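Encoded as structure tokens, the structure appears first; notes follow it.
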Amino acid sequence: MFDIALQLANVLLQEGGSAAPAIPNKAAAALAVGLAAFGAGYAERGIGSAAVGAVAEDSDLFVQGLILTVLPETLVILALVVVFLVPA
Amino acid sequence: MSYTGSSNPEYVNARVRSRRSQLYDEEEYRKLTRMGPAEIARYMEESEYEEEINALGSRYSGVDLVEYALNRNLAKQFHDVLRWSDGRLYQFVVRYLQKFDAWNIKTVIRGIYADVDKQSVDDDLIRAGEFDDRRLDQLVEAGTIEEVVNRLDGTMFGDPLAEAYEDYEETGVLVPLENAVDRAFYENLLEGLTFDEASADYRDFLRAEIDFRNARNALRLARSGADIDPAEYYIEGGKLFSASELSTLASNPDELVNRLRESSYGDDLSGALDDLEEANSLIGFERALEAALLEYSRNLGNVHPLSVAPVVSYILAKEREVENIRAIARGREAGLSEDEIEDELVIL
């Protein structure tokens with residue numbers, strides 16, 4: 001496991017190869033945003049189904065349910081900051 | 001995490017918790033204990049029982065109306081829970097709700113035994129278990145107890161009932177049959193399930209229920225002084241008693257009380273056990289057992305929010321509500337005082 005990680009790091013850092021990394025800065029930042037979105041999606045899965053259940057019982061809860069469901073989206077927004085912080 | 005890999009437990013829990021919050025609270029029970037049967041029916045009409053009261057209002061009145069509306073609502077609620085749940089959650093819930101299959105079978109058998117007409121047996125059924133309407137109708141249509149037993153062949157009640165039927169033919173009393181139904185239900189509860197961390201606690205809860213039932217049966221037998229071997233009523237699966245221990249304990253109630261006091265349920269039950277020793281009131285003790293079980297299930301629901309625990313705790317709470325309202329309505333009809341009725345209630 002550890003060996004593979006080391007080799008992967010070697011590939012990524014392109015030791016002894018050309019000067020440019022395999023994944024450019026911006027692409028790495030984009031990956032980070034994607035992973036964050038993945039986490040947000042997983043969080044919303046449970047909240048969403050609970051919210052639908054609550055709305056089915058009492059439709060007044062629709063607004064609260066909607067807000068709670070999209071709260072994990074903040075993860076994606078915060079991760080988006082990385083894109084602007086990373087130099088090109 | 002989730003039982004099914006899907007997000008079904010979250011959905012079911014949200015709905016069940018919402019339903020649970022609509023149950024009557026202490027304040028409402030207090031109001032109800034001051035009302036007559038007709039007023040209770042009207043009060044129920046303004047709450048979640050509206051549909052049932054309206055549907056049955058033309059056919060029944062007074063306490064009967066209250067009672068049938070309660071049964072019908074109970075069946076509807078539990079049917080909903082089954083409809084919502086999927087996968088493993090369904091497996092767990094349906095096993096618990098088979099309690100009502102057992103209840104229905106017993107109702108049908110008693111109806112035939114007492115020669116009651118089919119319509120009133122049908123009215124007394126609670127269609128909340130796993131059996132569908134068609135099977136229940138078949139059971140109600142059966143003319144003899146033997147026919148009922150034959151029609152249950154292939155279900156989990158089939159074999160135990162067939163065995164008990166021989167006993168019944170010899171003795172002519174219903175006890176062996178009813179006992180067989182109860183035992184089939186309780187023993188099936190824990191069979192063939194695999195448990196993870198959350199459901200292991202659920203298993204403990206089921207064991208507690210079995211223990212309580214064993215304790216209650218033993219105490220009842222000891223009180224009635226009947227010459228029956230308690231081991232015949234023993235239900236497998238509990239952790240507190242074995243069959244032989246229960247036989248000895250039943251002849252010696254003091255010992256049984258001590259045993260309960262020293263068990264892990266001792267803290268919850270200590271007040272009730274004191275009452276039992278002082279006042280010799282079995283009713284109070286049984287109420288305390290029910291309250292302890294209710295409290296246990298509710299705690300479990302809070303510890304494991306995304307498991308079967310909140311669902312089972314709702315099922316128990318709903319059953320309690322139905323029994324409480326029935327006790328109030330019957331108590332008012334019989335002219336009991338408010339205090340006497342309140343003693344009959346299990347409020348948490």
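The model shown is predicted, which means the values in this text are computed figures rather than measured ones. In what follows, chains are A, B, ... by sequence order, proteins preceding strands, each numbered from 1.
Inspection of non-hydrogen atoms places S49(A), A50(A), V52(A), G53(A), A54(A), A56(A), E57(A) of residues 47-60 of chain A under 4.5 Å from chain B. Contact annotation for residues 75-84 of chain A against chain B (heavy-atom separation below 4.5 Å): no residues qualify.
Qualifying side chain to side chain contact (heavy atoms under 4.5 Å, CB included) partners for E28(B), counting only residues two or more places apart in sequence or in other chains: Y24(B), D25(B), Y43(B).
When the shell of 6.0 Å around CD of Q64(A) is examined, it contains more than 12 heavy atoms from other residues, nucleotides or ligands. Few gaps surround CZ on R127(B); more than 12 heavy atoms of other groups in view lie less than 6.0 Å from it.
For residues 63-76 of chain A, no pair satisfies salt bridge (Lys or Arg N to Asp or Glu O under 4.0 Å), with sequence neighbours left out.
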